[in-house]
Amino acid sequence: METIISGLQQADKTYLYVFQSVVRYILPILAGFLIFRCIRPLLTFRREPEIWAWLCLSKDKKLPITHWESVIGRSKRSDIVVDVPTISRNHAVLTRYDDGSWTIADAGSKCGTLVNGEKIDICPLEPDDLISIGGVEMTLQPISRRQEIRLAQLRTRAANPVSSVLNLLLLSVMQILFCFSYLFVADAEDARLIFVGFMGIAIFQWAMLVFYLVIRKPSFEVETLAFFLCTLGMVAIAAVKPSEAVKQLIAVFLGLCLFVGIGIVLRDLERVKRVRYVAAVIGILLLLITLIFGKEYHGAKNWLIIGSLSIQPSEISKVCFVFVGAATLDRLVNRRNLILFILYTGAICVCLAIMNDFGTALIFFVAFLLIAYLRSGSIGTIALACSAVGFAGILAVKIAPHALRRFETWRRIWEDPLNAGYQQTRALMCIAAGGFFGLGAGNGWMKRVFAADSDVVFASLAEEYGLLMSLMAVVCILALGLFVLRSAAIARSSFYTIGSCTAVGIYLAQTILNVMGTVDLLPLTGVTFPFLSNGGSSMICAWGLLAFIKAADTRQNASFAVRQSKEEG
């Protein structure tokens, strides 16, 4: 490695100029091709509903059950609508498990749910059991084993291994080009760190793909987009703070560990129900520890300092919050669980208000609203809406002075370009200087601006590698959002639907606030760009949230986070 770095740095300046010029034009083309190859299968898979059983009301009337969790009720929002006045709006919940067994649970209905003449709270079901809901009798008829095999065959296949390998080869070529661009211009010490940073990401991505191939889950599009964003993040670090390349690489590794760990937990919804209580305790405990022992930076007390490490625990609390909010249906319609979630949200609200962490509070608020919408029912909607008003009211009272100054500066950055508007005015000038294809590695000026690798990372990337490259990073996040919208409609459990939608909602909110704050279309809130911004806590959180998105993928052999039948192997 030393020989390579020494040789590159002693190369003729003419060769350096030619190489940088060629790379600036080649990389956007390669990036566009890679993103297209990853996005196409995510947005074109078959998403017709799958029928897992029939609810037989009579010999002539059968209602299809298209999810593993289904609400039976009179409401038009119910999964299985039985429009009879004696049936409650949300009367009961049918649940299918991995082994093919079924249960039915009463959802707090007025007249209760009966199975074989006995009133139940939750009860396993057999095909011959007589169910009585509001006086309406019905039986459950699961599909046959042969029909299950046919469903597995019809389900859209994930990308084949060859396609995933080709995508990573393409990404690896880009990583080599990025790496060599900075090795030309960096000093010896920084060059070593940059080399380790880029090559470390490449090693991680190939190791992850090998793991997927071993367990016969060849779909790697979502992860490829994430590794592409991590690569662009390493570009920003190489341009601004090469000394932190290894630290960010460690964060990527820890994020991958969390991603795999959460994915394994999500394979079993019964295990999820137990883990969510642990997640609730961890999430609030992290914030309380920060309140007591945290250090204040730039007006917000949101950092823990452990030796030479600085950690932002509120980032990990986001993952815990999604776990707690994404309840399964039998808990979703339980008023007690709804009240507990509101109280949990209120506790987080108080902690963030005291910490003056406005940016993170705003992201939690977005996540809360998404969960509120996805969990909404008649009484629940009112309760959650009231909680949202209370949340917003506390934020309005407790907004930190530094956040208020950012609102005062919004849309007036050119009135004070040397002080309050310094970051954004420089960011706009650097984006303009970079044009579509950038100035090349090491030729940027953004490195002199505070938080150029985090809060305004969009401008740093645009200056050195062009606006096209920066916009492709935004496209990756938008693609994940569209993929979740398509997947949510056919998710097997409400947990996967709410979890994936909330996770991608956090991605989108952070991206919007980061990019639009950089160009002064919104106030600059200090929110990070997922996977792209420098910051270990942010990186770990981004990978943790990705597990919820991966779990929503029900294509054949697409997700290790979804336990699928042997016929799909």
Side-chain angles (χ1 to χ4, degrees), residues 30-31 33-48 50 98 148-175 201-231 252-253 255-268 476 479-480 482-484 486-488 490-492 496 500 503-504 531 542-569:
L30 294 178
F33 185 51
L34 174 66
I35 292 171
F36 172 76
R37 283 180 55 85
C38 291
I39 290 177
R40 185 175 60 178
L42 294 179
L43 303 185
T44 57
F45 64 89
R46 176 181 178 272
R47 59 172 191 159
E48 287 79 4
E50 300 171 320
D98 290 324
E148 283 192 34
I149 295 173
R150 181 58 178 161
L151 270 183
Q153 293 170 345
L154 290 175
R155 192 171 299 121
T156 302
R157 285 190 173 274
N160 60 61
V162 174
S163 179
S164 295
V165 169
L166 288 176
N167 287 344
L168 274 203
L169 283 173
L170 187 57
L171 180 55
S172 296
V173 170
M174 293 180 60
Q175 289 163 342
I201 292 176
I203 291 170
F204 290 160
Q205 69 196 25
W206 282 104
M208 195 73 178
L209 179 60
V210 169
F211 165 69
Y212 273 44
L213 296 179
V214 168
I215 63 174
R216 294 185 296 176
K217 305 288 185 182
S219 175
F220 208 67
E221 303 95 349
V222 169
E223 291 82 355
T224 300
L225 291 176
F227 278 116
F228 171 70
L229 289 172
C230 288
T231 301
V252 173
F253 173 74
L256 285 170
C257 292
L258 183 62
F259 171 71
V260 173
I262 293 177
I264 292 172
V265 170
L266 295 181
R267 288 168 62 87
D268 185 344
C476 290
L480 291 176
L482 292 173
F483 168 64
V484 166
R486 288 180 57 83
S487 301
I490 56 172
R492 294 174 175 176
Y496 298 136
S500 60
V504 87
F531 299 103
W543 278 105
L545 293 174
L546 193 69
F548 294 96
I549 296 172
K550 190 69 175 178
D553 191 350
T554 56
R555 294 173 295 161
Q556 278 194 52
N557 295 328
S559 174
F560 74 94
V562 175
R563 193 190 303 276
Q564 293 170 307
S565 62
K566 294 179 180 178
E567 289 79 14
E568 299 174 62

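Just the heavy atoms: all of them, side chains too, but no hydrogens, waters or symmetry mates, feed the values below.
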| query | What closest approach, in Å, do A503 and L545 show between heavy atoms, and which atom pair accounts for it? | reply | CB-O, 3.5 Å

| task | Decide yes or no on side chain to side chain contact (heavy atoms under 4.5 Å, CB included) for V252 and W543, but give the supporting numbers first. | result | CA-CA 8 Å; V252 173; W543 278 105; 4.2 Å; yes

| query | Can you check whether Y496 reaches V484 side chain to side chain, under 4.5 Å on heavy atoms? | reply | no

| Who pairs with F33 by side-chain contact (heavy atoms from CB on, under 4.5 Å), at least two apart in sequence or on another chain? | R37, L170

| said: On a heavy-atom basis, which atom in I35 and which in C476 lie closest, and how many Å separate them? | reply: CD1-SG, 3.9 Å

| query | Which value, rounded to the nearest 0.5 Å, describes the distance between K217 atom NZ and D553 atom CG? | reply | 10.0 Å

| field | Side chain to side chain, L34 and L30, heavy atoms closer than 4.5 Å | value | no

| Donor + acceptor pair across side chains of Q205, S172 (<3.5 Å) | yes

| field | Spacing of CG belonging to L546 relative to OG belonging to S500, to within rounding of 0.5 Å | value | 11.0 Å

| task | Look up atom CG in L169 and atom OG in S164, then write down how far apart they are to the nearest 0.5 Å. | result | 11.0 Å

| request: Please work out which of the three classes, parallel, tilted or perpendicular, describes the rings of F204 and F253, given edges at 30° and 60°. | output: tilted

| said: According to side-chain contact (heavy atoms from CB on, under 4.5 Å), who are the partners of V162, at least two apart in sequence or on a separate chain? | reply: N160, L166

| query | Can you check side chain to side chain contact (heavy atoms under 4.5 Å, CB included) on K550 and I262, steps first, answer last? | reply | CA-CA 10 Å; K550 190 69 175 178; I262 293 177; over 6 Å; no

| message | Just verifying a value: how many Å separate L480 CG and S487 OG, rounded to the nearest 0.5 Å? | response | 10.5 Å

| Min side-chain heavy-atom separation L213-F220 under 4.5 Å | no

| Separation of E223 CD from L171 CG (nearest 0.5 Å) | 12.5 Å

| message | Between V165 and L209, is the side chain to side chain contact (heavy atoms under 4.5 Å, CB included) condition met? List the steps. | response | CA-CA 8 Å; V165 169; L209 179 60; 3.9 Å; yes

| So do E221 and F483 actually touch side chain to side chain, heavy atoms under 4.5 Å? | no

| message | Suppose we screen for side-chain contact (heavy atoms from CB on, under 4.5 Å). Which residues come up paired with A31, at least two apart in sequence or across chains? | response | M174, F228, M469, M472

| request: Mind listing the closest non-hydrogen atom pair of R486 and T44 along with its distance? | output: NH2-C, 3.9 Å

| Run the side chain to side chain contact (heavy atoms under 4.5 Å, CB included) check on L229 and L225 step by step: do they pass? | CA-CA 6 Å; L229 289 172; L225 291 176; 5.7 Å; no

| task | Rounded to the nearest 0.5 Å, what's the gap from CD1 on I201 to CH2 on W206? Could you check? | result | 15.0 Å

